[in-house]
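Beneath this line is the structure, given in structure tokens, with notes to follow.
Note that the structure is a prediction, hence the values are computed from the model and not measured. Remember, it's 1-based here, ligands and their atoms both numbered in the order they're listed. Because only heavy atoms are used, hydrogens play no part in the values below, and waters and symmetry mates are left out as well, while side chains stay in. Index from 1, following the sequence.
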Amino acid sequence: MSRFFSSTHSSLIPYTPGEQPKDKKYIKLNTNESPYPPSDLVCERVELECKRLMLYPDPDCCILREKLAEKLGVDKDEVVVTNGSDEILNFAFLAFSDSEHPVVFPDLTYGFYSVFAKLYNLPYEEIPLDENFNIRVEDYIGINKNIFIPNPNAPTGIALPLSDIEKIVASNPESVVVIDEAYVAFGAESAVKLIDKYDNLIVTRTFSKSRSMAGGRLGFGVGNRELMSDINTLRYSTNPYNINRLTMEAGIAVLDSDEYYLDNCERIVKTREKTGDLLKKMGFQVLDSKANFLFAKSDKISGKELYEKLRERGILVRHFEKPRIKDFNRITVGTEDEMNTLVSVISEILKER
Ligand SMILES: *Cc1c(COP(=O)(O)O)cnc(C)c1O
């Protein structure tokens with residue numbers, strides 16, 4: 001730390017992204033990326049767009065927003081596109097909370113929420129999941145605080161039904177409820193259809209996972225137009241060109257390649273179910289995932305040891321050193337082949353003991 005770093009920030013503990021090691025080639029099941037490449041159309045359009053890189057991108061992202069809005073069945077003024085969904089989450093923390101409007105989110109959830117809350121010095125509360133790692137809906141009814149909930153939740157993968165989400169949104173009319181749908185394409189119900197009914201709901205999504213674009217950084221928020229206008233005030237006050245030309249073209253091409261991506265999602269869901277069953281047969285406890293990852297533990301081996309032994313053998317998974325979940329690993333669903341390798345390597349590791 002330099003002696004110039006503001007004391008406001010000097011105690012910040014930044015978010016730790018999953019590792020991207022370069023020492024050898026791993027089967028990467030640690031950051032919930034898609035195992036499948038972008039569509040050919042995406043690659044073709046991005047290549048053409050290179051020739052226009054000397055020009056600034058459209059700060060309004062008109063074409064992309066129009067196409068997105070049409071797919072979602074909303075108006076384009078109800079959509080804001082951002083540099084990954086991390087950016088819309090950042091804006092949502094910045095926009096609506098202060099000392100009188102605290103924030104709540106589950107105790108086991110996306111690690112970035114507490115980082116944002118601390119960054120902006122917001123009062124926040126982490127609401128414990130129940131003993132089966134479910135979000136207890138009752139805890140959020142009429143809580144009168146701004147709420148962030150991923151649906152499905154991470155790292156558990158467990159989803160809430162839309163009726164529960166609606167109860168939470170309806171019972172907190174004076175607070176903003178953000179539903180983070182980073183993984184919704186893998187089996188949960190989306191809350192987008194509620195945005196016209198409730199003026200306090202924001203749904204966030206990303207192209208990173210289901211649209212094979214983690215490296216392109218594209219996310220978006222959907223909500224009532226006043227809420228989106230507030231987000232745009234912040235966006236134009238920080239970086240109006242938050243979506244670069246290549247990413248914008250890629251995003252548009254993704255929306256023109258729906259079938260390809262829906263097939264991939266279907267494949268990932270099938271692989272998830274199959275891998276989950278195989279792990280259960282080996283004695284693992286596997287939570288009921290509606291995401292593109294599995295959260296699993298075995299009584300035969302600690303979470304940390306399994307993580308380390310897999311790493312030695314060239315497979316990366318994500319291990320969290322938090323007391324309640326330290327015996328679990330979060331395993332991204334890769335290709336069928338990758339998961340078969342995972343299962344046989346785990347079975348070797350267990351046999352060696
Ligand atoms: C991956 C993830 C995000 C953000 O991903 P981006 O790549 O920034 O779009 C947001 N929320 C959850 C729960 C995630 O797992």
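- By the rule that hydrophobic residues join a cluster once side-chain heavy atoms approach within less than 4.5 Å of another member, V254 and I63 end up as members of one cluster.
- At a heavy-atom cutoff of 4.0 Å, ligand 1 is contacted by both the backbone and the side chain of S85.
- Stacking of R324 on the aromatic ring of F133 is recorded, both the 6.0 Å distance cut-off and the 45° axial limit being met.
- Against a heavy-atom cut-off of under 4.0 Å, G84 is close to the following atoms of ligand 1: 8 (O), 9 (O).
- Cluster membership check: I88 does not share its hydrophobic cluster with L255, using side-chain heavy-atom separations under 4.5 Å among Ile, Leu, Val, Met, Phe, Trp and Tyr.
- The distance from ligand 1 to the heavy atoms of S208 drops below 4.0 Å at these ligand atoms: 6 (P), 7 (O), 9 (O).
- Shortest contact from atom 1 (C) of ligand 1 to any protein heavy atom: K209 NZ, 1.2 Å.
- Scanning the protein heavy atoms around atom 13 (C) of ligand 1, the nearest turns out to be D180 OD2, 3.4 Å.
- Looking at ligand 1, you won't find any N or O of Y113 less than 3.5 Å from one of its N or O atoms.
- For Y183, the closest heavy-atom approach to ligand 1 falls below 4.0 Å.
- Annotation: cation-pi geometry satisfied between R267 and Y36 (NZ/CZ under 6.0 angstrom from ring centroid, within 45° of ring axis).
- Using cut-offs of 30° and 60° on the angle between ring planes, the pair Y110 and Y15 is perpendicular.
- Using modelled atom types and a 3.5 Å distance limit, the side chains of Y113 and D180 yield a donor-acceptor pair.
- Counting heavy atoms under 4.0 Å from ligand 1, residue E87 does not touch it at all.
- Here the protein heavy atom with the shortest distance to atom 8 (O) of ligand 1 is R217 NH2, 2.7 Å.
- By the 30° and 60° cut-offs, the orientation of the rings of Y120 relative to F116 is parallel.
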